[in-house]
> 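This is the structure, below, for whatever I ask next.
Numbering of ligands and ligand atoms starts at 1, following listing order. Counting begins at 1 with the first residue of the sequence. Here the structure is a predicted model, which means the values were calculated and not measured. Just so you know, these numbers use all the heavy atoms, side chains as well, and skip hydrogens, waters and symmetry mates.
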Amino acid sequence: MEEKKRILSGVQPTGNLHLGRYLGAIRNWVQLQDQYRCFYSVVNYHAITMPYNPAKLREQTWGLVYRLLACGIKEENLFIQSLVPEHTELAWILNCQTSYGMLGRMTQFKDKSQQVQETSKDVFISAGLFTYPVLQAADILIYKPSFVPVGKDQEQHLELTRNIAQRFNNVVGKEYFELPEPLFTPIPKVMSTADPSRKMSASLGDKHNIDLFADEKRIVKQIRSAVTDSGEVAEGTMSPGVENLFNILKEINPGKHSDFLEDYNKGELQYGVFKTGIADCLLEYLQPIRERFAEISSDKKSVRNRIKESSREIQKVATQTLREVKEIAGLI
Ligand code: TRP
C-alpha cells in the first residue's frame with residue numbers, strides 16, 4: 001500500500017478556541033485527516049517565548065487538547081510538543097543554519113516584541129522569541145511532511161523553513177529534507193462581533209470572539225449584541241458588521257444564509273430575527289462538538305493518558321529523523 005502524504009501543523013495553547021480559529025484552521029485540519037497522514041501538535045514550547053504562568057500553561061495545554069479532540073481531531077494524530085523533545089534538539093542543529101539577519105526580518109517577531117514592550121512593565125524580549133521560527137522549522141522538518149496547513153500570517157515562517165532545509169541540504173551535500181509546501185485553503189474571514197473592522201482573535205478580549213465552548217446563553221447574547229450598523233455605509237453596500245454575520249452564517253448553514261440574503265436584498269431583513277436565526281444555527285452546528293467536549297470532560301484522565309501514548313508513537317518518527325540528521329551532519 002502506498003503511504004499517504006504527510007501533513008504537519010501546530011497550534012499554540014494560548015487564548016480560547018473561538019469561532020474564527022475553528023472555521024479558519026481547525027475545521028480544515030479535521031477534514032485533512034482522511035486524505036493525509038496528519039501530525040498535529042500543541043506547541044507548548046512556543047508558548048513560553050512570551051511571558052507566561054506555568055500552572056496556567058499546563059491547564060491551557062490540556063484544555064486545548066480536549067477541545068481539539070471535541071472538534072474531531074483524532075487522538076492518534078495529536079501530540080504535545082514538549083513530549084517529543086527531539087524537536088528542540090533538531091532546532092539547535094537548525095539554529096546553526098539560520099542567519100541572524102533572516103530572523104530579524106520576521107514580522108511575527110517584530111510584532112510580538114513590540115507587544116511585549118507595550119504591555120509589560122518589565123520589558124524582557126527572550127532569545128526564544130527571536131529563534132521561535134527555527135523551532136517551528138524543526139517541528140515541521142522532523143516529520144518530513146509534504147504540506148503544512150497554515151494561515152497567511154505564517155507564510156514567512158514557512159519560507160524560512162524552506163530556506164533552512166535547503167541550507168542544511170547544502171551543508172551535508174545531500175537532498176535530505178524535502179522542501180514542504182504551505183497549504184493555504186480558502187478560509188472565511190471571520191471578524192470580531194464587537195468591532196467588525198478587526199479579525200476575530202483571542203487577544204482582543206472576550207467580547208470580540210465567540211468561544212465555541214462558552215455556555216449557550218453567552219453565545220446567544222454575543223450574537224444578539226453583534227455590531228450591525230457601524231456608521232456611514234455607501235448606498236448599496238453591506239455594513240461590515242452585517243457582512244460578517246452573513247459570512248459566519250454561510251459557513252454554518254448555507255440554506256439559511258440564502259434565505260436571509262433574499263430578505264436583505266428585498267430590504268426586509270430584520271436584524272433581531274436575523275440574529276436569533278444565526279444564534280440558533282450556530283448552536284445547532286456546534287452541538288456535536290459541545291457534546292463530545294462534555295464526554296471528554298468527564299474522562300479527562302484517560303484522555304490524557306491516551307495523548308501521552310500517541311505522543312510516544314509519534315516520537316518514534318521524530319527519533320528516526322533525528323538519528324539520520326545527526327549521522328549525516330557529522331554529529332558522531
Ligand atoms: N507559529 C505558529 C502560529 O503562531 C504555530 C506553530 C508552531 C506552527 N509550530 C508550527 C504552525 C509548525 C505550523 C507548523 O500559528
> With sequence neighbours left out, which residue pairs that include part of residues 43-63 fulfil the ring-ring contact (aromatic ring centres under 6.0 Å, His included) condition?
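Applying ring-ring contact (aromatic ring centres under 6.0 Å, His included) to every pair that reaches into residues 43-63, excluding sequence neighbours, yields H46-Y132.
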> So does E284 pair up with K256, basic N to acidic O under 4.0 Å?
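Looking at K256 together with E284, the answer is no, because their closest N to O distance does not fall below 4.0 Å.
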> Pairs under 3.5 angstrom only: tabulate donor-acceptor contacts from the side chains of residues 25-32 to other protein residues two or more places apart or in another chain.
from	atom 1	to	atom 2	distance (Å)
R27	NH1	E251	OE1	3.4
R27	NH2	E251	OE1	2.6
N28	OD1	T185	OG1	2.9

> Return the orientation label for the F213 and F293 ring planes: parallel under 30°, perpendicular over 60°, tilted otherwise.
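Judged by the thresholds at 30° and 60°, the geometry between F213 and F293 is tilted.
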> Do the charged groups of R292 and E295 touch, with an N to O distance under 4.0 Å?
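Between E295 and R292 there is no salt bridge, as every charged N stays at least 4.0 Å from the carboxylate O atoms.
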> My understanding is that only residues two or more places apart in sequence, or in another chain, count here; which of them pass side chain to side chain contact (heavy atoms under 4.5 Å, CB included) with E75?
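If we apply the side chain to side chain contact (heavy atoms under 4.5 Å, CB included) test to E75, skipping adjacent residues, the hits are L69, R306, I307.
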> Every pair of nitrogen or oxygen atoms between ligand 1 and the protein that is under 3.5 angstrom apart - can you list them with their distances to 0.1 Å?
from	atom 1	to	atom 2	distance (Å)
ligand 1	1 (N)	Y132	OH	2.7
ligand 1	1 (N)	Q136	OE1	2.9
ligand 1	1 (N)	Q154	OE1	3.1
ligand 1	4 (O)	Y132	OH	3.1
ligand 1	4 (O)	Q154	NE2	3.3
ligand 1	9 (N)	D139	OD2	2.8

